[in-house]
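In what follows, every chain begins at residue 1, and chains take the letters A, B, ... in the order their sequences are listed.
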Amino acid sequence: MNGPFIIFALLNVGFVLLISPLFMSLIKKVKARAQGRCGPGLFQTYYTIAKLLRKETVYSSASSWVMRVTPYVCLSMAVVAALFVPLLYVPEPVAGIGNVILFLYLLGIARFFMALSGLDAGSAFGGIGSSREMSLAAVIEPTSIVVLAALAVVARSLNFLEIARDSAGMLFPVSATMILIGVSLFIILIVETGRIPVDNPETHLELTMVHEAMVLEQSGRNLAMIEYAGAIKQTLLIAILVLVLMPFGLVTELSVAGVLFAMALFVVKGSVISVIIGLFESSMAKMRLFSLPNLFIIAFFFSVLTIFIEVFA
Amino acid sequence: MTDVSFVDGLVRFIFVAVLITAAFLLSTRSLPSLLRTYQLQSLLLAMLAVVFSFVEGSAVLLWIAILTVVSKVLVIPYFIGEIQERISIRRDLEFHYLAPASSILVSIALIIGVYLSLGNILSSAYAKVEPIFFIGAVIGISLMLMGMLVIFSRTKAITKVLGFLSMENGVLLFGICVTELPFIIEVMIMIDLIILILLTTILTVGIDSTIEAYNEKVRQYSLWTVREEDAP
Amino acid sequence: MILSAYPLIVVAAIIGFVLIPSRRILHLLAAVESAAFLVVTGVLILTVPLPATDLGPWNGIFFADHFGVFLAVVSGVVFFFASLYAGGYTERLMETGELNPNRLRLFYSGLALLQLFVTLAFFADNLGLFWILAELTTVFSALLVAILAARENIDAALKYIFIASVAMLFSFAGVIFVFEAARITLGEGTLTWTVLVQHASSFPPTLLFAAFVFLFIGFAAKSGVVPFHTWLPDAHSKAPSAVSAILSGALLNVGIYGIIRAYSLVHQTPFAEKASLILFVSGFLSVGVASLAMLYQTNLKKLIAFSSIENMGLILLGIGVGSPVALFWVVIHMLAHSLTKAALFLSAGVLHRQYRSHEPGADDQIVDVFDLQPTAAWGVIVGTLAIVGMPPFPIFYTKFFLLTQVATVSPWLLAATLVLIMIAVAGMARFLIREFSARSEANVQQPHRYIVPLGMRLSFVLLIVIVTVQGLWFPVQEIAVISQIVAELGFGGV
Amino acid sequence: MIGVILYLLFAGLFALLLGTVLPLLIRREDKPVRTVSLIATALGSAFLAVAALPVLFSATTVSATLWHLLPGIDFTVVLDRLSSLFLLILGVVGLADAIYSFGYVEHGGHPMRRNLLVSLMNLFLLSMGMVVLAGNMVQFLVFWEMMAVSSLFLVLYDFESEGIGRAGLFYAVMTQLSTVFLFIGFILLYGETGTFALVPASPLASPGALAAFLCLFLGFSVKAGVIPFHKWLPYAHPASPSNISALMSGVMLKVAVYGLVRAVLDIFALDFTSGAVILLFGITSAILGIIYAYKETDIKGLLAYSSIENIGIIFSGIGLAVIFSDLGMPELSTLSLLAALFHSFNHALFKSLLFMTAGSVVAATHTRNMEEMGGLVHRMPFTAGLFCTGAIAIAAFPPLNGFVGELMLFESLFFGLQVVDPLTKVLLIFALSLFALTGALAAACFVKAFGITFLAHPRSDRAVHAEEACRSMLIGPAILAFLCIATGIGSFQIFSALGYDLPLPDMLVVGMLIVVTLGAVVLVVRATASRETRVTETWGCGLLSQNGRMEYTGTGYSEPVVTIFSSIYRTEKKIDRTWLDPDRAIVAGTRAGISLIKFFEEYLYLPVARGTLAVSSLVQIFHAGTLDTYILYIFVSIVILVLGVGWFI
């Protein structure tokens with residue numbers, strides 16, 4: 001645990017915490033515009049979280065400690081995961097932090113507890129949500145892992161920090177095959193954040209709900225934490241995409257100007273991807289649950305292809 | 001002391017006659033005549049023993065002949081005849097697996113097979129093996145196999161016993177042809193008698209009757225019962 | 001000289017059986033008589049240096065070598081425990097009216113004679129004498145099977161005696177062949193083992209091989225080897241359990257003893273391989289047929305009987321290999337099988353007494369076995385484990401090492417045998433699990449508990465203890481004796 | 001040092017022996033007998049574990065002769081690094097299980113039978129220990145069989161209940177199948193090496209050695225429950241008492257793994273193909289195991305299938321080790337092998353933990369059906385917590401030990417992808433994606449296991465009246481739960497201490513980070529958010545009250561996955577409609593049913609069983625003849641013999 005790393009930790013986590021709700025709102029805005037609506041303001045998510053934090057928390061009488069613990073776990077896992085993806089400054093990796101698989105599994109813990117809390121209240125909605133969420137997560141998992149494997153093969157490292165250090169300063173992706181990986185990563189992003197065509201974050205219709213059904217029983221500060229955790233997760237996934245496709249702007253040497261520049265640059269890059277997500281969502285209809293595996297297969301196919309191309313090229 | 005060719009002819013005649021009696025056992029339906037056939041077969045064996053005893057001057061063979069006559073020609077047939085009387089079965093009409101005609105064909109094939117097989121076995125040591133041993137082995141083993149044919153192709157228990165006895169005659173014939181084997185054969189005959197008695201009692205009275213009747217019959221023969229008053 | 005003690009004991013015992021009025025003393029006498037046999041054998045071991053051909057006036061007719069004495073001890077133990085067991089068992093038979101009390105004396109006399117003939121058979125130096133004694137064992141054991149006078153018993157005894165004697169007649173032809181073979185080489189025919197073994201290598205091989213084949217037919221029938229085994233399941237399962245134990249534990253050894261002796265002759269000729277082939281085929285068939293038959297078995301004693309066939313098959317495979325190590329383990333297997341199988345039959349007998357089905361031909365209905373007969377149930381379970389070759393019982397080792405030897409002949413034979421043994425285990429497990437877990441129906445009254453007399457219980461428990469100890473401990477002396485046996489048979493040193 | 005280790009080993013084995021013999025000799029029905037015996041179990045296991053530790057860390061070899069059986073064949077203890085790991089597994093799980101059993105064995109069953117349970121448990125542990133310590137084939141097989149027998153009796157403990165007999169028979173046959181393969185394998189090996197000692201087979205590539213290896217592999221696979229030889233596992237594990245299920249799954253399967261690893265490392269020099277075979281068997285088991293586990297509603301059945309999955313993962317690790325060493329990548333080979341071994345250790349810990357806690361639940365509710373549980377988190381809070389720890393560990397979430405094992409495997413696969421050989425690459429990608437699927441399904445599966453069993457309203461009266469397990473039944477699993485966390489967090493340090501420098505994240509740091517973050521989050525939320533809370537009924541769309549019948553069921557939970565993988569499950573959907581009118585316009589009623597075809601049972605096990613039974617019935621006919629028939633057989637045989645002898649002489 002050396003000095004630069006502690007600075008990195010504080011900087012990265014602070015920046016992620018700060019900026020995450022912004023992208024959430026941005027996507028909503030883009031979608032609203034695409035539908036011809038005005039849409040909420042860019043700071044709406046901040047307001048919502050603040051509002052929820054002030055509200056009283058309602059627990060089901062059937063629920064147990066699982067319900068009470070889950071929000072904390074979700075948020076802290078998201079925060080810890082934020083250490084794994086550099087947004088601004090890349091230090092030397094320490095103690096294996098930045099490991100891609102560990103990152104994936106940290107997000108997994110959050111999902112695990114969330115699914116449990118969905119079952120905890122004894123509501124049928126929660127059950128349906130947990131069941132679907134876990135099933136979808138299971139089906140997408142091979143894709144995610146193979147994408148990461150492709151990434152690791154291309155970048156010759158298993159650590160986001162190392163990958164970032166290698167590519168930092170480059171204008172374009174390290175290799176053209178990164179674009180293929182980007183496509184797969186984008187699909188994973190859509191799935192992991194529960195967006196159309198996989199899930200619709202705006203609906204509360206029991207036939208289509210996945211994620212929302214699972215957190216239906218959450219309220220007040222707990223809901224706030226879960227929402228916040230969701231926003232952080234989304235930002236982190238966007239950051240990975242940025243890392244792969246647009247690596248320029250990351251600094252490897254610590255300087256105030258460099259970091260400020262990187263911040264501004266990341267906001268821009270993140271916004272670009274958020275806009276793409278918003279437009280993508282607007283142009284799609286939600287798919288049937290059981291036709292989703294086909295979508296995942298596409299991503300899987302891309303990643304496998306990447307590995308082969310990279311090796312034989 | 002007698003003409004060699006005459007003895008040789010006599011021996012051959014006996015062998016053939018023995019085989020004919022065996023074939024008879026395979027096909028005859030009437031029980032009394034089966035019994036008589038067996039008597040005849042045993043008598044032929046006794047004759048064979050006598051012939052050999054004269055040729056070789058061996059007294060033991062003579063003893064065997066006497067023992068054979070006493071046991072196989074007189075005692076056993078008498079005993080079986082008695083049982084036949086009691087269970088009043090006169091005929092054995094059914095056949096298992098083989099009809100009489102085909103069983104005779106089978107036995108001819110058997111004799112040829114055994115002949116070839118033993119010929120093959122003994123050919124390497126042929127110079128040292130006496131021809132009489134070879135013929136004795138062929139006829140003896142064929143007779144045993146024909147006895148087995150009788151056992152499994154005839155249904156009545158008495159006939160089976162006769163088949164077994166005929167097999168026994170096969171061994172005896174084989175034994176007689178090996179001239180130096182007397183002591184064992186004597187004892188063997190004694191054992192066979194014991195087996196036979198046991199066999200026939202169990203067989204003839206046991207198999208076709210109920211247990212009560214069986215016990216009754218056993219008591220009648222007073223074979224196993226020691227003291228009647230012990231019964232509860 | 002000492003051998004004459006055996007017939008003397010038997011004569012004295014039979015006089016006692018006929019004269020003594022008290023049944024209690026009768027039972028005791030039977031046990032004492034069989035114990036006396038063991039004592040005599042013990043004295044023989046201590047006083048006569050083995051191998052001994054000059055046993056007094058019995059020279060050339062009787063002899064004592066390690067193998068014979070060893071098997072005499074084994075069968076003596078089996079007979080002793082069976083006699084100990086027979087007291088309680090026959091009482092129960094008479095109680096239920098299955099055994100006519102008049103025949104008790106006949107039963108014990110038959111038993112004594114059977115023991116005499118079995119024991120003497122192992123001491124016979126003369127092949128013909130051995131044949132006769134073997135025939136006599138058939139007669140008396142058939143008598144003991146038929147003594148219950150039930151229809152099935154008569155049927156079983158009939159099959160037994162017919163099949164065994166028919167096959168034994170062929171053995172006699174084999175004896176004649178041996179005689180002729182000896183006559184050709186030595187100028188004078190002889191049937192004395194000791195002489196035969198010495199000169200077997202110079203006998204005409206084809207004649208000796210033919211002799212082996214014929215001898216094998218009869219002894220195979222005596223030891224219940226496929227395809228001459230068909231009498232065995234019936235006879236062993238229908239006989240009174242004390243007799244079943246003897247049939248399986250002592251009598252099968254007579255046949256195997258004959259086969260080993262015959263094989264040790266042909267082993268010295270170039271035809272050893274062909275003889276082995278015959279042994280392999282019939283041994284493998286025995287294992288296979290028995291195992292497959294066990295799979296469907298619904299009758300405990302029949303199941304155990306089939307297991308004997310399986311074990312005989314295994315022994316034949318071992319003999320067929322013909323190496324000293326294989327023979328070494330064959331001998332131990334004979335010992336282990338005898339004791340285990342006796343224990344198994346004796347404990348199964350208790351269950352049979354408890355649950356005997358009174359409908360002819362029906363199998364016993366075993367219910368609540370751990371409530372009613374826990375000791376016997378555990379006896380059967382442990383016995384089964386021992387017989388299928390689970391450690392720490394000796395058959396595990398014999399099985400393993402025999403199979404190790406079989407593998408030197410053909411790995412496929414090894415694999416096939418093992419699969420068949422597995423089927424046998426499955427059959428036994430299937431039977432035990434199904435029958436022993438049965439509970440009596442709630443509205444049906446539980447059968448009365450049959451109080452097992454101490455002698456009966458003691459006999460199978462002690463046998464199991466002996467078997468277990470054997471599995472855990474192979475004394476140096478035992479190993480030396482068995483190595484000596486193998487050497488004396490002419491197979492070379494282990 | 002070596003002397004101390006030996007003394008500990010002897011003391012441990014002797015204690016277990018004592019624990020076996022004591023309840024058999026003292027025929028008393030009261031509790032002290034069992035208590036003494038279980039203390040012996042606990043002490044014995046602890047001694048063994050303590051003896052194993054120094055050997056594991058110092059990599060020495062300790063050996064001694066116990067019992068001189070036959071000339072040239074001794075019973076020995078040979079404790080080297082590999083066996084010490086498995087001895088450690090045995091010791092740790094045995095200790096925890098013994099403590100658990102103090103409470104558990106007093107549930108149900110006749111006192112004498114409980115004595116037997118305790119005794120056989122000791123024997124089971126003893127024989128497993130001796131297998132691991134075996135220095136030659138004979139000893140290995142002896143104790144292997146004793147292990148099989150004692151476990152068979154333990155499976156049959158509750159033999160009067162329905163289905164137990166079937167389970168026992170299944171187990172008996174399969175365990176014999178395993179022994180058959182081992183017998184063939186070892187005997188062939190003996191033919192190759194000419195000694196019963198476990199020494200390298202030479203020449204290495206001979207067909208005999210290959211056959212020996214294949215047989216040994218199959219034997220260990222059957223015992224480990226690798227698909228398609230797995231079918232006994234979901235029968236035997238639920239049937240046996242839970243403390244025994246824990247041992248069977250936690251230790252016995254590992255003994256099979258030990259055998260395989262020993263064969264792979266010390267005896268055979270394997271090539272790529274063998275490695276690929278092991279890997280393929282492993283992957284198949286892993287994925288199919290978890291897919292089958294997913295649909296189970298029997299809680300112990302679910303755990304049993306999950307064991308198949310984990311064994312699959314372990315086998316894959318071994319297979320990868322062989323592949324990498326053949327490809328000349330010793331570091332990756334070590335990494336994969338360590339992954340397999342570490343996962344063996346981990347699986348022993350958490351699967352025993354799960355079986356024990358599941359056993360507490362079953363003992364409290366008297367049912368194994370998860371659909372009749374629910375709400376137990378309120379009634380059995382500690383048990384729930386322990387089960388949850390186990391679930392997190394087995395679902396491989398950091399920083400618990402399950403994660404580290406899987407991470408190592410993933411890493412070796414990731415790095416392995418650098419190889420150029422296309423076939424290898426395809427294999428590795430295939431393995432990688434299936435592992436990912438397996439891991440994620442495992443997580444989903446244990447959400448179901450924990451959620452349906454412990455959370456929400458009770459689903460039946462049985463669950464309503466459940467009570468918390470007694471103290472010993474909590475302490476036992478708690479030890480394991482603690483170890484799951486400790487070995488997970490300390491994994492990096494443990495491997496360093498063992499002398500391996502692996503590219504692993506330092507879980508201690510990660511764990512600390514998690515704790516710190518959690519603390520910070522709690523503090524911040526406490527400081528900023530409203531603390532008002534209200535407890536009220538679950539919102540049910542306006543229903544007046546909600547009960548257990550309205551909850552999401554376990555079957556419902558697994559439905560999406562069952563549908564997605566319907567081709568693997570071989571589900572059959574059947575819809576029957578009846579109509580009121582002849583024109584079929586008004587539906588009177590509909591019945592819909594989904595049935596799962598038990599694929600392996602239907603297409604593999606039953607045909608074999610039927611075939612054998614058919615042959616058996618043929619043989620039966622052979623024996624159902626009369627005297628005539630029998631004499632005919634003999635006649636034919638004799639004729640064949642007599643003529644054959646003449647012909648072939």
Interface residue of largest heavy-atom contact number with chain A, from [options], under 4.5 Å:
| options | answer |
| --- | --- |
| Val561(D), Ile514(D), Leu441(D) | Ile514(D) |
| Thr438(D), Leu518(D), Leu413(D) | Leu518(D) |
| Pro458(D), Pro560(D), Gly439(D), Ala395(D) | Pro560(D) |
| Thr517(D), Thr536(D), Val522(D) | Thr536(D) |

If we only count heavy atoms from C-beta on, is the [X] to [Y] side-chain gap below 4.5 Å?
| X | Y | answer |
| --- | --- | --- |
| Arg221(A) | Thr533(D) | yes |
| Leu102(A) | Val510(D) | yes |
| Cys388(D) | Trp65(A) | yes |
| Tyr294(D) | Ser135(A) | yes |

Checklist entry - Taking everything shown except Asp501(D) itself, do over 12 heavy atoms lie less than 6.0 Å from its CG? => result no
Next on the checklist: Can you confirm whether more than 12 heavy atoms, excluding those of Tyr46(A), are under 6.0 Å from its OH atom?
Outcome noted: yes
Which bit of [X] comes within less than 4.5 Å of chain A, counting heavy atoms only: side chain, backbone, both or neither?
| X | answer |
| --- | --- |
| Val377(D) | side chain |
| Val447(D) | both |
| Phe415(D) | side chain |
| Glu411(D) | both |

[X] versus [Y], closest heavy-atom pair with distance:
| X | Y | result |
| --- | --- | --- |
| Ala440(D) | Ala138(A) | CB-CA, 3.3 Å |
| Phe414(D) | Ile145(A) | CZ-O, 3.7 Å |
| Tyr105(A) | Ala396(D) | CD2-O, 2.8 Å |
| Ala95(A) | Val509(D) | CB-CG2, 3.8 Å |
| Tyr552(D) | Ser131(A) | CE2-CB, 3.7 Å |
| Arg534(D) | Glu56(A) | NE-OE2, 2.7 Å |

Checklist entry - For the ring-ring contact (aromatic ring centres under 6.0 Å, His included) test, which of Phe403(D), Phe397(D), Phe450(D) pairs with Phe112(A)? => result Phe397(D)
Can you tell which part of [X] gets under 4.5 Å to a heavy atom of chain D, answering side chain, backbone, both or neither?
| X | result |
| --- | --- |
| Ala137(A) | backbone |
| Leu136(A) | neither |
| Leu106(A) | both |
| Met225(A) | side chain |
| Ser64(A) | both |
| Asn99(A) | side chain |
| Val13(A) | neither |
| Val58(A) | both |

Checklist entry - Could you go step by step and tell me if Leu119(A) and Ile452(D) meet the side chain to side chain contact (heavy atoms under 4.5 Å, CB included) rule? => result CA-CA 7 Å; Leu119(A) 287 168; Ile452(D) 302 294; 4.2 Å; yes
Gap separating the [atom1] atom of [X] from the [atom2] atom of [Y], nearest 0.5 angstrom:
| X | Y | atom1 | atom2 | result |
| --- | --- | --- | --- | --- |
| Glu537(D) | Ser123(A) | CD | OG | 11.5 Å |
| Phe300(A) | Ile429(D) | CZ | CD1 | 7.5 Å |
| Leu434(D) | Glu141(A) | CG | CD | 12.5 Å |
| Arg54(A) | Glu532(D) | CZ | CD | 12.5 Å |

Item to check | Most chain D-contacting option - heavy-atom pairs closer than 4.5 Å, from Val100(A), Leu148(A), Val304(A) | outcome: Leu148(A)
Checklist entry - Of all of Leu116(A), Val146(A), Val139(A), which one pairs up most often with chain D through heavy atoms under 4.5 Å apart? => result Leu116(A)
